[in-house]
Amino acid sequence: MQSRRKLRYRLIVSFALFGFGLSALFAVASLYVRAKVENQLINASMQSDVDQAVDNAIEHPDRPFVSELVEGWVKSDRTLYKMPLAWQNLGSGVHDIHETDATGKQRHYKLAVQRKDGIIGFTRYDISREDLGKQQLILSLIGAVLLFSLLSLAIGLWLSRRVLKPVSDLANRLRDFRRSGKAEPLAPYFAEDEVGELAHALDEYSARLTAMVERDREFNSDVSHELRTPLAVIASTTELLQGSPDLTEKLSERLKRIERASRQATELIEALLLLSRAERRGPTRGETTEVGKVAADVIESQRPQMRGKPLTIELAALDPVSVNAPASVLSVALTNLIGNAIKYTLEGSVRVEVGAGRIEVIDTGPGIKPEDAERLFQRGVRGEGAGGSGAGLGLAIVRRLCELYGWDVSMRPRSDTNGAIASIVFS
């Protein structure tokens, strides 16, 4: 929506600027042409008048100069009319004179001079009246520029709606497809123009994307089905072996590890299948998952990772917390968090606290930098310490699972001592 508004804004501004520029250019050209033509006409007329006055003075020395439009003087050896002395040194031609009259007002004159046979002729024309007409023309042209600018703005508004209407229709149809969950061909609804070409390209892209998603969905389903079968065989065989009367304690412990590993693999497959489908599934109707119980199971499954390290792990269930999510999803998330805490903590303790709508895993390991807390949840980022081995994908999977169920997962360094705190806040 913001991009479309920007495009519409650019169209409107372009038309408004085009109308303003064109009308302003026309106004400037009109003023220039008017001034040029007016100056040429006045100069030619005045020069003709002064030439005629001098010729008349030569033929009829006693006849005064008479004109309805201009005032003039003729100076000869026999006759002298009143005129400013400064004019007598001007050469033949038309001159622009700026003078101050008796009232102190600045006035602008055109003065035509002609020298012939010892006679000097002058004609003067007050063009102040033309300056007033020029000011009126300028005001009229400014009004015309504003009018054409507003007209261009109105045309830009109308044209932007008309031009962008197919784009808006295309966007609305795409939103309808998103709500309905089913993509339909777009090209038949649009003309054979640029928008129709875009709709055709979107149809081709949608077809390729749909085929790719369908292949991924079939692959995930096939892999899930094929992996669950051998895992089910492993789980059933392990259960049968644990019921043998001649089973030794050492062998029983190994069978329990195999059973836990099989259960974790099954839970991981289910969680990954949910992520691949972006599908949120809760437990059976009327049931909830106890966070404390799942945390206890995860702690027991992760104890073999301690490998004789001087490390203690404990569960503190401060308050009962239940979530509306499958136990497998919660187990995968906690397995990564608790497993990482055990892996990175060489000595000390790992404490798992459940209460107040959250679960926290607190360790005494090397800790993390505050600026790296969010980066650790990115795909492929490995943690430092513990020999340089870290979960390159585990925390990214945890973040995606929590986003799928609306949980907030985060990590932060401890403020009291070395170590880190990983927490999941359930919505």
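Computed from a predicted structure; not experimentally measured. We number each residue from 1, following the sequence as shown. Atoms considered below: every heavy atom in the structure, side chains included; atoms not considered: hydrogens, waters and symmetry mates.
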Minimum side-chain heavy-atom gap [X]-[Y] below 4.5 Å:
| X | Y | result |
| --- | --- | --- |
| Leu337 | Leu395 | yes |
| Leu334 | Val294 | yes |
| Arg254 | Glu249 | no |
| Thr288 | Val323 | no |
| Ser30 | Leu141 | yes |
| Ile397 | Phe377 | no |
| Pro326 | Tyr405 | yes |
| Tyr109 | His95 | no |

TODO: Enumerate the residue pairs fulfilling ring-ring contact (aromatic ring centres under 6.0 Å, His included) with a member in residues 291-342, sequence neighbours excluded, ordered by first and then second residue.
DONE: none

Nearest 0.5 Å, what's the [atom1]-[atom2] distance between [X] and [Y]?
| X | Y | atom1 | atom2 | result |
| --- | --- | --- | --- | --- |
| Ile142 | Leu147 | CD1 | CG | 13.5 Å |
| Thr312 | Glu314 | OG1 | CD | 6.0 Å |
| Leu255 | Leu251 | CG | CG | 4.5 Å |
| Ile313 | Ile338 | CD1 | CD1 | 6.0 Å |
| Ser252 | Glu259 | OG | CD | 9.5 Å |
| Arg399 | Met411 | CZ | CE | 11.0 Å |

Which atom of [X] lies closest to which atom of [Y], heavy atoms considered:
| X | Y | value |
| --- | --- | --- |
| Leu315 | Ala296 | CD2-CB, 3.8 Å |
| Val352 | Ala295 | CG1-CB, 4.4 Å |
| Val321 | Gly357 | CG2-N, 3.9 Å |
| Thr289 | Ala327 | OG1-N, 3.6 Å |
| Thr335 | Ser331 | OG1-O, 2.6 Å |

side-chain hydrogen bond (donor to acceptor under 3.5 Å, both in side chains) against [X], all qualifying residues, sequence neighbours excluded:
| X | value |
| --- | --- |
| Gln305 | Gln302 |
| Ser423 | Ser410 |
| Asp51 | Gln47, Gln114 |

- [ ] Check side-chain contact (heavy atoms from CB on, under 4.5 Å) between Ala316 and all other residues, then give those that pass, not counting sequence neighbours.
- [x] Leu318, Arg351, Glu353

Open item on the list: Applying side-chain contact (heavy atoms from CB on, under 4.5 Å), can you list everything that pairs with Leu159, at least two apart in sequence or on another chain?
Closed with: Phe15, Val163

TODO: For Val291 and Phe426, run side chain to side chain contact (heavy atoms under 4.5 Å, CB included): C-alpha distance rounded to whole Å, both residues' side-chain angles, the deciding distance at 0.1 Å, then the answer.
DONE: CA-CA 10 Å; Val291 177; Phe426 304 103; 4.0 Å; yes

- [ ] Start with the C-alpha distance between Phe20 and Leu25, add both sets of side-chain angles, then the distance that settles side chain to side chain contact (heavy atoms under 4.5 Å, CB included), and finish with yes or no.
- [x] CA-CA 8 Å; Phe20 173 78; Leu25 181 63; over 6 Å; no

- [ ] Any chance you could lay out the salt bridge (charged side-chain N to carboxylate O under 4.0 Å, His left out) test for Glu374 and Arg412, step after step, and finish with the verdict?
- [x] CA-CA 9 Å; Glu374 185 65 23; Arg412 64 183 187 276; over 6 Å; no

Counting only N and O atoms by type, is there a donor-acceptor contact under 3.5 Å from the side chain of [X] to the main-chain atoms of [Y]?
| X | Y | value |
| --- | --- | --- |
| Ser262 | Ile258 | no |
| Thr364 | Glu347 | yes |
| Ser48 | Ala44 | no |
| Asn340 | Asn336 | yes |
| Asn43 | Asn39 | yes |
| Asp363 | Val350 | no |
| Lys36 | Leu31 | no |
| Thr345 | Ala341 | yes |
| Arg414 | Gly367 | no |
| Arg358 | Asp408 | no |

Can you sort out the partners of [X] under salt bridge (charged side-chain N to carboxylate O under 4.0 Å, His left out), two or more places apart, ordered by chain and number?
| X | answer |
| --- | --- |
| Arg257 | none |
| Glu300 | Arg303 |
| Asp319 | none |
| Glu290 | none |

Expected list for residues 149-158: side-chain donor-acceptor pairs under 3.5 angstrom, two or more places apart:
| from | atom 1 | to | atom 2 | distance (Å) |
| --- | --- | --- | --- | --- |
| Ser149 | OG | Val145 | O | 2.7 |
| Ser152 | OG | Phe148 | O | 2.8 |

- [ ] Answer yes or no: does atom NZ of Lys309 have more than 12 heavy-atom neighbours from other residues, nucleotides or ligands under 6.0 Å?
- [x] yes

Task: Summary of salt bridge (charged side-chain N to carboxylate O under 4.0 Å, His left out) pairs that have at least one residue in residues 144-161, sequence neighbours excluded - done: none

Open item on the list: One pair to check against side chain to side chain contact (heavy atoms under 4.5 Å, CB included): Lys110 and Val94. What are the steps and the verdict?
Closed with: CA-CA 7 Å; Lys110 285 277 190 182; Val94 180; 4.1 Å; yes

